[in-house]
Asks: 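What follows is a single structure, and I will ask about it in a moment.
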Amino acid sequence: LMTVLKKLSTDNYDFTELTNELNIHTGGLCFKLETIALDKKEEEYKTIALITSKALTVKIDKLLELILQIITKTKFNDNKRLLEIIKESRSHLSLSYLEAGHHVAGERAGSYCSQMRAFGEKADGLEYFKWLTKLEKNFQKEADDLALKLAEVCSKIFCSNKLLLSFTAEESDKNEILTKFDSFVSQLPLGESASCKYEFILENKDEALVVPSEVQYVAISMNYASHGFNYHGSMQVLRNVLSKDYLWHNVRVLGGPYGA
């Protein structure tokens, strides 16, 4: 959902017109998922749909109008455009994995010892990439159902009773902007108060991922909180000691790889 928003047409704008309007009137608009740990073991977490943007005060009305169009009037049933976005996204992810294999390996390993990171793997990691690849192959069969689910999820996420607004502006513009926000919120659906909780089976797992690259990335992960340790600033010192001293010498200097 976060990937396709602002890339599809809405009731009032073709997707190319929407892009032009955003470029003309704002300094950018971004949709993304943000996951926040609620406990030290990362067993309890909260995921939020985050919308960020910037605009001049005189453009606030236009910014809010564009956001409202996107989150309430997007046409998810444009199958041709939807498939283009899926292909583009899958291709981008594939290239990013080759360029940042260490990140992929680290996040994958972390997903086996943390509920929060397991969710991240499903929502934005290698499991998401596999799902996206499968969706592209079976798009003609899945298109109608996908459009309905996207519309349903969008209506449940972007509603007034779950909304938190934050802005930075001159003090003299505060009251004017708050009035505009009140009008914006009044046009959103009220929404439901129910929430979903996912439980993932965590397991110790050894695996190898094959990619067309001569560079190999190796990762191992553990959840220190599950072993009774609490975070302390000294861990940053330990990280530097391990990275710059022991691992650098034994892996980089003696072994020959790029680093550790």
Asks: Identify which one of L82, L148, L150 satisfies the side chain to side chain contact (heavy atoms under 4.5 Å, CB included) criterion when paired with F76.
Replies: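 That would be L150.
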Asks: Count I, L, V, M, F, W, Y as connected when their side-chain heavy atoms are under 4.5 Å apart, and connections chain through other members. Are V153 and Y198 then in the same cluster?
Replies: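 No, V153 and Y198 fall in different hydrophobic clusters.
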Asks: Is it possible for you to say whether L93 and M2 belong to one hydrophobic cluster, with membership spreading through side-chain heavy-atom contacts below 4.5 Å?
Replies: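 Looking at the clustering, M2 is in the same group as L93.
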Asks: What do you reckon, is OH of Y246 surrounded by more than 12 foreign heavy atoms closer than 6.0 Å?
Replies: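 Not more than 12 within 6.0 Å, no.
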Asks: Between R108 and E127, is there a side-chain N and carboxylate O pair less than 4.0 Å apart?
Replies: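 Here R108 pairs with E127 in a salt bridge, since their nearest N and O are under 4.0 Å apart.
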Asks: First locate atom CD1 of I24, then atom NZ of K59, and finally report the distance between them rounded to the nearest 0.5 Å.
Replies: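 So the gap between those two atoms works out to 8.0 Å.
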Asks: Same cluster for L33 and I157 if Ile/Leu/Val/Met/Phe/Trp/Tyr side chains link at under 4.5 Å?
Replies: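 Linked, L33 and I157 end up in one cluster.
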Asks: Atom CG in L188, atom CD1 in I67: separation rounded to 0.5 Å?
Replies: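 So the CG of L188 and the CD1 of I67 are separated by 10.0 Å.
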Asks: What are the two closest heavy atoms between S111 and A118, and how far apart are they?
Replies: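 Heavy-atom minimum between the residues: O-CB, 3.5 Å.
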Asks: Same hydrophobic cluster for L66 and V185, using side-chain heavy-atom links shorter than 4.5 Å among ILVMFWY?
Replies: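 Looking at the clustering, V185 is in the same group as L66.
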Asks: Could you grab the distance from atom OG of S9 to atom CD of Q69, nearest 0.5 Å is fine?
Replies: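 It comes to 10.5 Å.
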Asks: Taking only Lys NZ, Arg NE, NH1 and NH2, and the carboxylate oxygens of Asp or Glu, determine whether E121 and R117 approach each other closer than 4.0 Å.
Replies: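 Looking at R117 together with E121, the answer is no, because their closest N to O distance does not fall below 4.0 Å.
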Asks: Can you find a pair of side-chain heavy atoms, one from F158 and one from I51, that are under 4.5 Å apart?
Replies: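 The answer is yes; the side chains approach within 4.5 Å.
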Asks: Could you tell me how the ring of F119 sits relative to the ring of Y45: parallel (under 30°), tilted (30 to 60°) or perpendicular (over 60°)?
Replies: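 The arrangement is tilted - the two ring planes meet at 30° to 60°.
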Asks: If we ignore hydrogens and angles and just use 3.5 Å, is the side chain of T26 paired with the main-chain N or O of A55 as donor and acceptor?
Replies: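 Flag not set: sc T26 to bb A55 has no pair under 3.5 Å.
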Asks: Find the distance between CG (L29) and CD (E21) and round it off to the nearest 0.5 Å.
Replies: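 Reported to 0.5 Å precision, the distance equals 13.0 Å.
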Asks: Run the salt-bridge test on K46 and E34 with the 4.0 Å N-O cut-off and return the result as yes or no.
Replies: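 Judged by the 4.0 Å cut-off on N to carboxylate O distance, K46 and E34 do not form a salt bridge.
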Asks: To the nearest 0.5 Å, what is the distance between CZ (F31) and NZ (K6)?
Replies: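 If I round to the nearest 0.5 Å, the distance is 7.5 Å.
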Asks: In plain terms, say whether E142 and K134 are close enough for a salt bridge, that is, a side-chain N and a carboxylate O under 4.0 Å apart.
Replies: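 Salt bridge flag = no for K134 with E142.
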Asks: Under the salt bridge (charged side-chain N to carboxylate O under 4.0 Å, His left out) rule, collect the residues that match up with R90, sequence neighbours excluded.
Replies: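 Here the qualifying residues are E136.
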Asks: Nearest 0.5 Å please: distance from the CG atom of L146 over to the CG atom of N77.
Replies: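 Reported value, rounded in 0.5 Å steps: 11.0 Å.
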